[in-house]
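Here the structure comes first, spelled out in structure tokens, and everything after it is commentary.
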Amino acid sequence: MKTTQIEAFFDTLKTANPMPNTELEYTTVFELLAAVLLSAQATDVGVNKATRKLFPVAGTPQAILDLGLEGLEGYVKTIGLYRTKAKNLMETCRILVEQHGSQVPRTREALEALPGVGRKTANVVLNVAFGQPTMAVDTHIFRVSNRTGLAPGKNPLAVEQQLMKRVPKEYAVDSHHWLILHGRYVCQARKPRCWECAVAQYCDFSPKVTAA
């Protein structure tokens with residue numbers, strides 16, 4: 001994708017969805033962190049089903065600690081890799097209570113020091129909760145960035161670095177939401193829906209897929 005096309009690419013996505021947001025359900029920064037931690041290799045739909053029952057009962061680090069590991073597992077057992085995720089979330093809650101006054105830290109270093117929180121999870125929290133122009137490269141963003149020619153890269157970090165260079169500043173905060181949603185609903189893995197894509201004219205993918 002030519003640099004001159006990137007502005008129009010994002011302007012088109014913004015026009016269609018002026019205020020994009022994560023599809024994970026949460027009401028506090030801690031709930032966002034917990035939901036993102038639970039969402040690794042799982043769908044947002046599946047995580048939301050579990051957290052709709054969990055968060056009203058235990059929506060703070062201390063409340064989750066009070067549940068105990070077995071109690072927490074009972075709420076998240078429908079999510080893939082739930083045993084590992086529950087263990088990580090419990091340990092994360094302990095650190096938040098003991099070291100951060102039950103508050104979610106605002107720095108990448110402190111976030112990535114939490115069990116189960118990698119670079120992608122930290123980027124989501126920094127972006128969604130604190131409005132930082134980070135780029136959480138998931139499977140959708142990785143695919144869209146490579147397929148369209150927006151930010152080609154052989155691994156998520158390479159794509160992230162390309163996106164940080166190529167996305168115009170005025171679109172930086174919301175850009176990862178637009179790319180995720182575009183990949184989830186239009187530029188899908190098995191068969192991209194090019195015939196209904198609003199940004200097809202800026203995309204390098206060829207030949208374009210037809211509806212038939």
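The residues of the chain are indexed from 1 along the displayed sequence. The figures that follow rest on heavy atoms only: side chains count, while hydrogens, waters and symmetry mates do not. Treat the numbers as computed from the prediction; the structure is a model and nothing was measured.
N17 is linked by a side-chain hydrogen bond (donor to acceptor under 3.5 Å, both in side chains) to nothing, counting only residues two or more places apart in sequence or in another chain. E7 is linked by a salt bridge (charged side-chain N to carboxylate O under 4.0 Å, His left out) to nothing, counting only residues two or more places apart in sequence or in another chain.
Between Y26 and V128, some side-chain heavy-atom pair lies under the 4.5 Å cut-off. Looking at V159 and Q162, their side chains never come closer than 4.5 Å, going by heavy atoms from C-beta outward. Between N21 and H177 the shortest side-chain heavy-atom distance falls below 4.5 Å. Between T148 and Y202, every side-chain heavy-atom pair lies at or beyond the 4.5 Å cut-off. Counting only heavy atoms from C-beta outward, the side chains of I64 and M90 approach each other to under 4.5 Å. In this structure, L181 and E23 have side chains that are in contact, with non-hydrogen atoms separated by less than 4.5 Å. The closest side-chain heavy-atom distance from L179 to L163 is below 4.5 Å. Contact of the R108 side chain with the L126 side chain is registered, since non-hydrogen atoms from C-beta on lie closer than 4.5 Å.
Here the closest non-hydrogen pair linking A122 and E112 is CB-CG, 3.9 Å. Heavy-atom minimum distance, Q188 versus R143: C-NE, 3.6 Å. When all heavy atoms of T92 and P115 are compared, the closest pair comes out as OG1-O, 2.9 Å. In terms of heavy atoms, K208 sits closest to A200 at CE-O, 3.3 Å. What you find for I79 and A42 is that their closest heavy atoms are CG2-CB, 3.9 Å. Nearest heavy-atom pair, F142 versus P156, reported as atom, atom and distance to 0.1 Å: CE1-N, 3.8 Å.
The distance from the CZ atom of F205 to the CE atom of M1 is 13.0 Å, given to the nearest 0.5 Å. For the atom pair I95 CD1 and Q99 CD, the distance stands at 5.5 Å (nearest 0.5 Å). Within the model, atoms OG1 of T3 and NZ of K165 stand 12.0 Å from one another, a figure rounded to the nearest 0.5 Å.
Using a 4.0 Å cut-off between a side-chain N of Lys or Arg and a carboxylate O of Asp or Glu, E160 and R119 qualify as a salt bridge. Checked for salt-bridge contact, D204 and R147 miss the test: no charged N lies under 4.0 Å from a carboxylate O. A salt bridge links E98 with R94: the closest approach of a Lys/Arg side-chain nitrogen to an acidic carboxylate oxygen falls below 4.0 angstrom.
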Checklist entry - Are K77 and E73 close enough, and set up right, to give a salt bridge (charged side-chain N to carboxylate O under 4.0 Å, His left out), and what steps lead you there? => result CA-CA 5 Å; K77 62 185 178 182; E73 286 181 350; over 6 Å; no
Next on the checklist: side chain to side chain contact (heavy atoms under 4.5 Å, CB included) for S175 and M135? Distances and angles first, verdict last.
Outcome noted: CA-CA 8 Å; S175 58; M135 190 66 64; 3.1 Å; yes
Item to check | Audit row: V76, Y82, side chain to side chain contact (heavy atoms under 4.5 Å, CB included) steps and yes/no | outcome: CA-CA 6 Å; V76 301; Y82 78 93; 4.1 Å; yes
Next on the checklist: Go through it in stages, so that I can follow the logic: the residues are K120 and D138, the test is side chain to side chain contact (heavy atoms under 4.5 Å, CB included), and I'd like the CA-CA distance, side-chain angles, deciding distance and then a yes or no.
Outcome noted: CA-CA 7 Å; K120 186 177 75 172; D138 69 350; 4.0 Å; yes
Next on the checklist: Using side chain to side chain contact (heavy atoms under 4.5 Å, CB included), reason through L114 and L33 one step at a time and then give a plain yes or no.
Outcome noted: CA-CA 10 Å; L114 300 172; L33 172 63; 4.1 Å; yes
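Without hydrogens or angle criteria, N88 side chain to L37 main chain gives no donor-acceptor distance under 3.5 Å. Proximity of a side-chain donor or acceptor of K85 to a complementary backbone N or O of G116 within less than 3.5 Å is not detected. The backbone N or O of L150 sits less than 3.5 Å from a side-chain atom of R166, completing a donor-acceptor pair. No donor-acceptor distance shorter than 3.5 angstrom exists from the side chain of T51 to the backbone of L54, with no hydrogens or angles considered. Of the possible polar contacts, one joining the N127 side chain to the Q132 backbone as a donor-acceptor pair under 3.5 Å is found.
More than 12 non-hydrogen atoms from other residues, nucleotides or ligands lie less than 6.0 angstrom from CD of E196.
Partner of H176 under the side chain to side chain contact (heavy atoms under 4.5 Å, CB included) criterion, out of V137, T134, I141: I141 alone.
Under the 4.5 Å side-chain heavy-atom criterion for grouping Ile, Leu, Val, Met, Phe, Trp and Tyr, V144 is connected to F10 within one hydrophobic cluster. Note: the hydrophobic cluster containing L38 also contains V29 (ILVMFWY, side chain heavy atoms under 4.5 Å, direct or indirect links). Residues I180 and I6 fall within the same hydrophobic cluster, defined by Ile, Leu, Val, Met, Phe, Trp and Tyr side chains chained together at heavy-atom separations under 4.5 Å. Tracing side-chain contacts under 4.5 Å through hydrophobic residues (I, L, V, M, F, W, Y), one reaches F30 starting from V47; they form part of the same cluster. Put simply, V57 and V97 are part of the same group of oily side chains (I, L, V, M, F, W, Y) that touch within less than 4.5 Å, one to the next.
For residues 45-66, the pairs satisfying salt bridge (charged side-chain N to carboxylate O under 4.0 Å, His left out) are E25-R52, with sequence neighbours left out.
Under the 30°/60° scheme for interplanar angles, the aromatic rings of H182 and F9 are found to stand perpendicular.
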